[in-house]
Amino acid sequence: MSIPTPATLTSLEAIAAAVHDCTACPLAAGRLTAVPGDGNPHSPVLFVGEGPGQKEDETGHPFIGAAGKFLDEMLSAIGQTRSDVFVTNVVKCRPPENRDPEPDEIHTCTDLFLWKQIEFIAPKLIVTLGRHSMGLFFPPEYKISQIHGQPKRVRGRVVLPLYHPAAALYNGGMRQTLIYDFKKIPLVLKKVQLTP
Ligand code: URA
């Protein structure tokens, strides 16, 4: 168990190994398995969720519970599968009782891992799932209810903020909105890929 040194994180595999070993924040103490993220490391689209839930904590893979099934359905609707894209989270360890991650946990984890993952994957499009992920790229006064589905260039990358599949799963209106926004992904990606 250790706090990784950024200089040792020289590949996605090294990051994943360091995530499994990490004790840099209090979330490490409560996890069964850390969840580095997985999928296609060459994907032009990177999905960033919030943090592992119970099923993810048990298995070490992101989005495999009910929210994950919904994510798979939406991916299928745009002709993609999980192995086409890369999926990770803001924090890599399950917060106790699925509470929101604390700002210092988010800061520690993203500084160590997420920004490096983004550097290695170099996605054309980052799709944020939920407000914690969105909060990494947009100012705090931005509300997800106002900016969902609107792609924006941030820190040199195009970011599409979407509702979190778990929040939208059982809320009819939000579910339809998320499905509608999700279907914009191919078009946004096409536009990004055409823009130098
Ligand atoms: N919710 C998330 O944000 N991430 C997961 O991996 C699972 C559920």
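Not measured: the values here are computed from a predicted model. Every number for a ligand or one of its atoms is a count from 1 in the order of the listing.
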Checklist entry - So which of Arg99, Lys92, Arg94 actually passes salt bridge (charged side-chain N to carboxylate O under 4.0 Å, His left out) with Glu105? => result Arg99
Checklist entry - Atoms of ligand 1 less than 4.0 Å from His164 heavy atoms? => result 1 (N), 2 (C), 3 (O)
Next on the checklist: Is the terminal nitrogen or CZ of Arg175 (NZ for Lys, CZ for Arg) located under 6.0 angstrom from the six-membered ring centre of Phe70 and within 45° of that ring's axis?
Outcome noted: yes
Next on the checklist: With respect to Pro62, determine whether any N or O atom, backbone or side chain, lies less than 3.5 Å from an N or O atom of ligand 1.
Outcome noted: no
Checklist entry - How long is the span from the CE atom in Met74 to the CG atom in Leu178, to the nearest 0.5 Å? => result 4.0 Å
Checklist entry - Taking heavy atoms and a distance under 4.0 Å, where does Glu56 meet ligand 1: side chain, backbone, both or neither? => result side chain
Checklist entry - Under the side-chain contact (heavy atoms from CB on, under 4.5 Å) criterion, do Phe63 and Asp72 qualify, and how do the steps go? => result CA-CA 9 Å; Phe63 281 97; Asp72 288 345; over 6 Å; no
Checklist entry - Can you tell me if NZ on Lys55 sees more than 12 non-hydrogen neighbours from other groups inside 6.0 Å? => result no
Checklist entry - Identify the closest protein heavy atom to atom 4 (N) of ligand 1: which residue and atom is it, and at what distance? => result Asn89 OD1, 2.7 Å
Item to check | Polar contact flag for Phe63 and ligand 1 (N/O pairs, less than 3.5 Å) | outcome: yes
Item to check | Enumerated ligand 1 atoms positioned under 4.0 Å from heavy atoms of Gly49 | outcome: 3 (O)
Item to check | Contact atoms of ligand 1, heavy-atom distance to Glu50 under 4.0 Å | outcome: 2 (C), 3 (O)
Checklist outcome for this item: One should read off an interatomic distance between Ile179 CD1 and Ile78 CD1, to the nearest 0.5 angstrom, of 12.5 Å
Checklist entry - Is the shortest distance from a heavy atom of Gly51 to ligand 1 less than 4.0 Å? => result yes
